[in-house]
K.L.:
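Submitted below is the structure of interest, expressed as C-alpha cells.
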Number of protein chains: 2
Amino acid sequence: MDSKILVIDDEKAIADIVKFNLEKEGYKVSTAYDGEEGVQAVENIIPDLVILDIMMPKKDGFQVLKEIRMKYKFPVIMLTAKEEEVDKVLGLELGADDYITKPFSMRELIARVKANLRRVNYSNFSNSENTDSIITSEDLVIDLNKYEVKKSDKIIELTLREFELLKFLATSANQVFSREQLLEEVWGYEYYGDIRTVDVTIRRLREKIEDGNGEFKYIITKRGVGYYFRRA
Amino acid sequence: MDSKILVIDDEKAIADIVKFNLEKEGYKVSTAYDGEEGVQAVENIIPDLVILDIMMPKKDGFQVLKEIRMKYKFPVIMLTAKEEEVDKVLGLELGADDYITKPFSMRELIARVKANLRRVNYSNFSNSENTDSIITSEDLVIDLNKYEVKKSDKIIELTLREFELLKFLATSANQVFSREQLLEEVWGYEYYGDIRTVDVTIRRLREKIEDGNGEFKYIITKRGVGYYFRRA
DNA sequence: TATTGATTTCCAATTAATTGTAATATATAA
DNA sequence: TTATATATTACAATTAATTGGAAATCAATA
C-alpha cells in the first residue's frame with residue numbers, strides 16, 4: 001500500500017490538482033513538468049504508477065513512455081487531449097495500460113488509478129493459482145488454492161498469516177529457516193517488526209494443526225537456528 | 001500456468017504491443033503476421049489461447065478460425081475494428097469465444113484473456129455437472145437459465161447483480177475469489193468502481209438467501225482473501 | 001419526457017477478527 | 001545452576017468486514 005505515483009504534465013495547474021487529489025486518497029505523489037524531467041523522476045522515484053500527458057514540449061508522452069518501457073513495467077495511464085490520439089495510444093504505441101481523455105473528472109482519474117494498481121497486485125498472486133496446489137503430509141492436507149487446511153478431513157480455520165507461514169514452510173519441507181528469513185518471506189521485505197512475532201505465529205499455528213499432546217510433529221524447532229516443516 | 005498464447009494480426013505494431021503486455025503478465029506469447037502464417041503457427045505451437053484479428057490479407061480471421069476449429073477447441077478471442085463485424089462474429093457461430101473491438105485497453109485485453117483461460121481450466125477440471133443449468137446446495141436451488149433461485153421451494157427475488165454474483169460463485173463452488181476477480185467477472189472488464197461494492201452486494205445476497213441467524217452457510221468470507229460459495 | 005420506484009453504488013461508522021508486542025514462564029545446554 | 005533460547009499468555013494496536021443510509025443511476029409507466 002501507500003503506492004508512489006508520478007504525474008508528468010507540462011500544465012502545472014493540472015499536474016498540481018491531480019497531485020492534490022491523489023494525495024487526498026493517501027498516495028505518495030510526485031510531479032514533473034516536462035518529458036525530460038519526467039524520465040529522470042522515474043529513475044529517482046521508481047513509482048508504482050505513472051500518469052503521463054501526451055502533449056508536452058521537449059519530449060512528448062509517447063517518447064517518454066518508450067523510454068520508461070525499456071526498463072519498467074509499472075502501469076502508465078496516458079492523458080490525451082484529443083480523441084484522435086486515442087487510437088495512437090491504444091494501437092500503435094508502446095504499451096500504455098490505460099488512458100483518459102481530457103477533460104476528465106477527478107473521480108474517474110482516481111478510479112482508474114485504483115483499478116490499474118489493483119490489477120498489478122492481483123496478477124501477482126492470482127498467477128500462482130494454477131501451480132500444483134495441494135500439499136499433503138501425514139493427516140494434513142494443505143490446499144493452496146482454497147486457502148484451506150484439513151487435518152484428518154476436518155477443516156482447520158487458519159488466519160491468513162498462519163496459512164502463509166505454513167504454506168511457506170510446507171513448500172520447502174525439511175528445510176530449516178531462520179526467523180529473519182521467515183519474516184522476509186512471509187511478512188515481506190518491508191517488514192520492520194519484532195522477531196518474536198514469528199514465534200507467536202508459530203505457536204498459534206501449532207495450536208491449530210498439532211495434536212496437542214506436547215509433541216510437535218509438523219513444525220519443528222531447530223534450537224538456535226529456526227523452524228522447519230517436517231515431512232517423511 | 002504459463003499458458004501459451006498466439007497473437008495473429010497483420011498490423012505488426014499491434015501484435016507486438018499485445019505480445020509485450022501479455023508477456024508482462026507471465027504468458028508465453030508468439031506472434032504471426034497474417035492468416036496463413038497464423039494457421040501454421042497454431043500447428044507448431046498448439047497454444048492455449050489465440051487472439052485473432054479479423055481484417056487480414058490473404059486469409060481473414062473468419063477463415064483462420066474455421067480452420068482452427070476443425071481441429072482445436074482452445075479459446076479464440078477475435079479482434080474487430082468495426083462495430084458491424086461484431087454481429088458477424090456472434091452471428092456466424094464459428095465458435096469464437098469472445099471478441100474485443102478496437103481500440104481496446106490492455107487492461108481489457110488482459111482481463112479477457114484471463115477470464116477465457118480460467119473458463120477452460122474449470123471445465124477441464126470439474127465434474128460433468130458443469131453444463132448443468134441447475135445448481136443445488138442444501139435447500140437452495142439455482143436455475144441458471146430461468147434466472148431463478150428457490151430456497152426450500154420458495155422463490156427468492158434477486159436483482160440481476162445479485163443473481164450474477166451468486167451464479168458466478170456457485171458455478172465455481174468452494175473456490176475462493178478475490179474482490180478484484182469478482183469485479184472483473186461479475187461487474188465487467190471496464191468497471192472502475194469501488195471495491196467495497198462487492199461487499200455490499202454480498203451482503204444483500206446473504207440477506208436474501210441465508211438463514212438470518214448470524215451464521216452464513218452459503219457465501220463464506222475468507223478473510224484477507226475474498227469470498228466463496230460453499231457446497232458440500 | 002417527466003415521475004416514480006427500484007436498483008446500484010458510494011461512503012464511512014461500527015463491529016469483528018487478526019496480528020504484534022511485551023511480559024512471564026518454561027525448557028535446554030553448557 | 002546459570003545463561004540463553006523458546007513457548008506461552010494477555011492485552012493493545014491494527015486491519016478487515018459488515019452494515020446502514022445517502023446519493024446516483026437506471027427502468028418502467030404515465
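Chain naming here is simple, since letters A, B, ... match the order of the sequence lines and numbering starts at 1 in each. Just so it is clear, the values below take in all heavy atoms, side chains as well, and ignore hydrogens, waters and symmetry mates.
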K.L.:
Could A/Arg204 and A/Glu162 be called an ion pair, given the rule that one side-chain N must be under 4.0 Å from one carboxylate O?
P.N.:
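The answer is no: the pair does not qualify as a salt bridge.
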K.L.:
When you check every protein heavy atom under 4.0 Å of nucleotides 2-11 of chain D, what one-letter string (B, S, -) results, 5' to 3'?
P.N.:
--BBBSSBB-
K.L.:
With nearest nucleotides of DNA chain C determined for A/Leu158 and A/Ile195 from heavy-atom distances, which residue corresponds to the more 5′ nucleotide?
P.N.:
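Closest to the 5' end, via its nearest nucleotide, is A/Leu158.
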K.L.:
List the steps, then state whether side chain to side chain donor-acceptor pair (under 3.5 Å) holds for A/Asn21 with A/Tyr27.
P.N.:
CA-CA 9 Å; A/Asn21 278 279; A/Tyr27 297 107; over 6 Å; no
K.L.:
So how far is it from A/Asn174 CG to A/Tyr228 OH, rounded to the nearest 0.5 Å?
P.N.:
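Separation between the atoms: 7.0 Å.
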K.L.:
On DNA chain C, check which nucleotide each of B/Glu162 and A/Thr197 is closest to and give me the residue with the more 5' one.
P.N.:
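Its nearest nucleotide being more 5', the pick is B/Glu162.
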K.L.:
Figure out the CG/C1' separation between B/Asp194 and D/dG21, and round it to whole Å.
P.N.:
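B/Asp194 atom CG is separated from D/dG21 atom C1' by 15 Å.
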K.L.:
In whole angstrom, what separates A/Phe163's CZ from C/dT18's P?
P.N.:
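Spelled out: CZ on A/Phe163 to P on C/dT18 is 15 Å.
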K.L.:
So how far is it from A/Asp199 CG to A/Leu182 CG, rounded to the nearest 0.5 Å?
P.N.:
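A/Asp199 CG to A/Leu182 CG: 10.0 Å, rounded to 0.5 Å.
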K.L.:
State the CG-CG distance between B/Asn116 and B/Asp48, to the nearest 0.5 angstrom.
P.N.:
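These two atoms lie 12.0 Å from each other.
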K.L.:
Check this for me, if you would: do B/Glu138 and B/Lys217 make a salt bridge, where the nitrogen-to-carboxylate-oxygen distance has to be below 4.0 angstrom?
P.N.:
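Yes, this pair counts.
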K.L.:
Can you tell me how far C1' of C/dT7 sits from CD of B/Glu164, to the nearest Å?
P.N.:
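Those two atoms, CD and C1', are 14 Å apart.
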K.L.:
Under 4.0 Å: is that the gap between some side-chain N or O of B/Trp187 and OP1 or OP2 of C/dT8?
P.N.:
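Negative; the distance criterion is not met.
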K.L.:
Whole-Å distance between D/dT14 C1' and A/Leu160 CG?
P.N.:
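Rounding to the nearest Å, CG of A/Leu160 and C1' of D/dT14 are 15 Å apart.
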K.L.:
In whole Å, I'd like the distance from the CD atom of B/Glu210 to the P atom of D/dT19.
P.N.:
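Atom CD in B/Glu210 sits about 11 Å away from atom P in D/dT19.
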K.L.:
Starting from C1' on C/dA16, measure out to CD1 on B/Ile220 and report it in whole angstrom.
P.N.:
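From B/Ile220 CD1 to C/dA16 C1': 16 Å.
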